[in-house]
Structures are given as structure tokens and as C-alpha cells.
Trainee: 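The following block contains the structure, expressed as C-alpha cells.
Per chain, numbering begins at 1; letters A, B, ... match sequence-line order.
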Number of protein chains: 2
Amino acid sequence: MGVSKTHIFSLQHNELAQVAKVMAHPARIAILEYISKQEGCICNDLVDEIGLAQPTISQHLNEIKKIGLLKGTYEGKNLCYCINQERWLELQRAFQSFFSNINLNCC
Amino acid sequence: MGVSKTHIFSLQHNELAQVAKVMAHPARIAILEYISKQEGCICNDLVDEIGLAQPTISQHLNEIKKIGLLKGTYEGKNLCYCINQERWLELQRAFQSFFSNINLNCC
DNA sequence: ATATATTATCGTAATATTGCAATATTAAAT
DNA sequence: ATTTAATATTGCAATATTACGATAATATAT
């Protein structure tokens, strides 16, 4: 075996885990932070900015895209994309909600 | 090749990614949520609660322990532990801070 | 239409993760 | 000291992730 038993967990838990998995790599954290802090759209400076090979950056971007965090135009020369704000805020709320429930009486 | 190039990223990015990696599995999300919502300490009902084998739960707990989210007694019969509140709040702030910086002018 | 620049995809190697059976360790109770 | 119950560790198989070279696809400019 060795495959995640996703079926025994709730949809909510699986979704939060899936988002966390995208954030579970420093390159993707760096990419997300860089894009989210740009004034407008991104145009092909990520490879220089991050320091990984172009195919690797492309793959990381694809992972981020999969959870809906990017919008814009992706393919061809001069790609132009940015953070999907609605999704960004949605994920922010998801993490906030996860962290805001904790009981304080403890050993 | 095939190993993460952690050295090319900032400490902050690596640390957030490391925490996200712990959250990147539905079992660990479920475990964290369950423990954090308990009134007091946990005493050996996680295996029934989650539905994975005992060694697997033990390994997941160990991952959570590594990032400092658990405190209490871990070994032997009747283990007794709970969420480390300080660390929990620290991580909450880290995610909050990550998500709170985003520019709104976009394509 | 061709050349040029940019991003995507394929293939592959190295490593990491996930899960559990078997076994070991630990601590309390008898 | 033995037994018993609970957790940890080991070993291993299946799968997933990470990275990049080579190559393909895409789009703009000439």
C-alpha cells in the first residue's frame, strides 16, 4: 500500500489538506508571495526571481493553478496572470476558521 | 536530483512550508481538529476516532509533534497530551500574515 | 513564412510519503 | 516479578513529489 486513504476523511478535511499541500513547498510559498505582492500581472520573471529551472517553475505554477489561486492568461509568450482574489480570501478564511477553534483548558 | 532545494529559500518560507506540510494530510487535519476541540487532554481514543492503524496514527502524531504543536506526556500507557496553545497561536499568526498581503489591482 | 522568445510537456532519476504487520518498549496493575 | 494495555519503532511495499534536460507548443516580431 502507501496511498492516502482520502475516502475515510471528510470533504472539508481533504480540501484543507489539499490546499496545505500546495503551500507545503518553499518554492510555491515564494511564488505565491511574489505574485501576491506585485502591482499588476506577472510577466516571465519568476525563473530569475526564484532560482529554479524553467520546467520546475512551470510545474509549481501548475500546482497553484489547480487549487484555483491563479487567474489570467497562462500559455504562450508573455504569460500574464495574477492571484485570484476571491479564492485567496476563501482560503484565508478556511485557515482562519481552522485555527480559531481551540480549547484552553489543558495539562 | 529530486530533492527540495531548501537552501535557496528564506528561513521564513521554509518554515511556513514545513508547517503546511504537516497540515497537508487529511488525517493530520482531523487529528489536530479533534485534539484542539477536546476539553482536556487526549487519552488513547484517536485510533478509533480517525480509522487508521495504530502505527500510522503514531507516525502522524510524531509529525505534528515535530513542529511543536503538542505538549504533555507522550510515551507509555495512557498517553496524555494536548495542543500547545502558544505554538498554535504562533502558526495562526503566520498563516494570517501570509494571507493578508495581496494587491488588488489585477487583470 | 521564419526567426525568436516564452511557456508547457515528456521522460526519467532521486527522494519522500503513506500505510500497516510485526515487534519492541513503556507503565500500571495484580 | 508477571501480566496486561497502550504507544513506539522497524521494515517494507506502493505511490507521490521534486527537479531538470530535452523537446514541443505558442505567440510575437521581422
Trainee: For Leu61(B) and dG19(C), give me the distance from atom CG to atom C1', rounded to whole Å.
Mentor: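 Taking atom C1' of dG19(C) as the reference, CG of Leu61(B) is at 15 Å.
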Trainee: Give, ordered by number, those residues of residues 49-57 of chain B having at least one heavy-atom distance below 4.0 Å to an atom of DNA chain D; if nothing qualifies, reply none.
Mentor: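 Nucleic-acid contacts, sorted: Gln54(B), Pro55(B).
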Trainee: Looking at CG of Leu52(B) and CG of Leu46(B), how far apart are the two atoms once the value is rounded to the nearest 0.5 Å?
Mentor: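 Result: 10.5 Å between the selected atoms.
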Trainee: Mind calculating the distance between CD1 (Ile31(B)) and P (dT7(D)) to the nearest angstrom?
Mentor: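 From Ile31(B) CD1 to dT7(D) P: 12 Å.
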Trainee: What are the residues of residues 9-25 of chain A, sorted by number, that bring a heavy atom to within less than 4.0 Å of DNA chain D?
Mentor: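 Only Lys21(A), His25(A) qualify.
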Trainee: OG of Ser100(A) to CZ of Phe95(A): how many Å apart, nearest 0.5 Å?
Mentor: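 Here the interatomic distance stands at 13.0 Å.
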Trainee: Enter the distance from His25(A):NE2 to Leu16(B):CG here, rounded to the nearest 0.5 Å.
Mentor: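 CG of Leu16(B) is found 13.5 Å from NE2 of His25(A).
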Trainee: Going by salt bridge (charged side-chain N to carboxylate O under 4.0 Å, His left out), name the pairs with one or both residues in residues 86-98 of chain B, residues two or more places apart or in two chains.
Mentor: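 Those involving residues 86-98 of chain B are Arg87(B)-Glu90(B).
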Trainee: Expressed as a whole number of angstroms, how long is the span from His60(B):NE2 to dT18(C):C1'?
Mentor: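 From His60(B) NE2 to dT18(C) C1': 7 Å.
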Trainee: From Leu89(B) CG over to Asn84(B) CG, what is the distance, rounded to the nearest 0.5 angstrom?
Mentor: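 So the gap between those two atoms works out to 9.0 Å.
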Trainee: Can you give the donor-acceptor pairs under 3.5 Å from side chains of residues 26-36 of chain A to other protein atoms, not counting sequence neighbours?
Mentor:
{"unit_1": "Arg28(A)", "atom_1": "NE", "unit_2": "Val22(A)", "atom_2": "O", "d": "2.6"}
{"unit_1": "Arg28(A)", "atom_1": "NH1", "unit_2": "His60(A)", "atom_2": "ND1", "d": "3.0"}
{"unit_1": "Arg28(A)", "atom_1": "NH2", "unit_2": "Lys21(A)", "atom_2": "O", "d": "3.1"}
{"unit_1": "Glu33(A)", "atom_1": "OE1", "unit_2": "His13(B)", "atom_2": "NE2", "d": "3.2"}
{"unit_1": "Glu33(A)", "atom_1": "OE2", "unit_2": "His13(B)", "atom_2": "NE2", "d": "3.1"}
{"unit_1": "Tyr34(A)", "atom_1": "OH", "unit_2": "Asp45(A)", "atom_2": "OD2", "d": "3.1"}
{"unit_1": "Ser36(A)", "atom_1": "OG", "unit_2": "Leu32(A)", "atom_2": "O", "d": "3.1"}
{"unit_1": "Ser36(A)", "atom_1": "OG", "unit_2": "Glu33(A)", "atom_2": "O", "d": "3.0"}
{"unit_1": "Ser36(A)", "atom_1": "OG", "unit_2": "Asn101(B)", "atom_2": "O", "d": "3.2"}

Trainee: For Ile64(B) and dA8(D), what is the distance between atoms CD1 and P respectively, to the nearest whole Å?
Mentor: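 Distance, rounded to whole Å: 12 Å.
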Trainee: Using ring pair (Phe, Tyr, Trp, His ring centres under 6.0 Å) as the criterion, list what pairs up with Phe9(A), not counting sequence neighbours.
Mentor: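 For Phe9(A) there are no ring pair (Phe, Tyr, Trp, His ring centres under 6.0 Å) partners, ignoring immediate neighbours.
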Trainee: In whole angstrom, what separates Asn62(A)'s CG from dA19(D)'s C1'?
Mentor: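 Distance check: Asn62(A) CG to dA19(D) C1' gives 15 Å.
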Trainee: Any salt bridge (charged side-chain N to carboxylate O under 4.0 Å, His left out) involving residues 49-63 of chain A? Give me the pairs, sequence neighbours left out, ordered by first then second residue.
Mentor: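 Applying salt bridge (charged side-chain N to carboxylate O under 4.0 Å, His left out) to every pair that reaches into residues 49-63 of chain A, excluding sequence neighbours, yields Glu63(A)-Lys66(A).
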Trainee: Between dT18(D) atom C1' and Lys5(B) atom NZ, what is the distance in whole Å?
Mentor: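 Going from Lys5(B) (NZ) to dT18(D) (C1'), I get 10 Å.
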Trainee: Does a sphere of radius 6.0 Å around CD in Gln92(A) hold more than 12 heavy atoms from other residues, nucleotides or ligands, not counting ones at 6.0 Å or beyond?
Mentor: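 Yes.
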Trainee: Specify the separation, in whole Å, of atom CG of Leu70(B) and atom P of dA8(D).
Mentor: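 Going from CG in Leu70(B) over to P in dA8(D) covers 10 Å.
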Trainee: Could you please name the option among dT9(C), dC20(C), dC20(D) that lies closest to any side-chain atom of Gln59(A)?
Mentor: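 Closest of the options to the side chain of Gln59(A): dC20(D).
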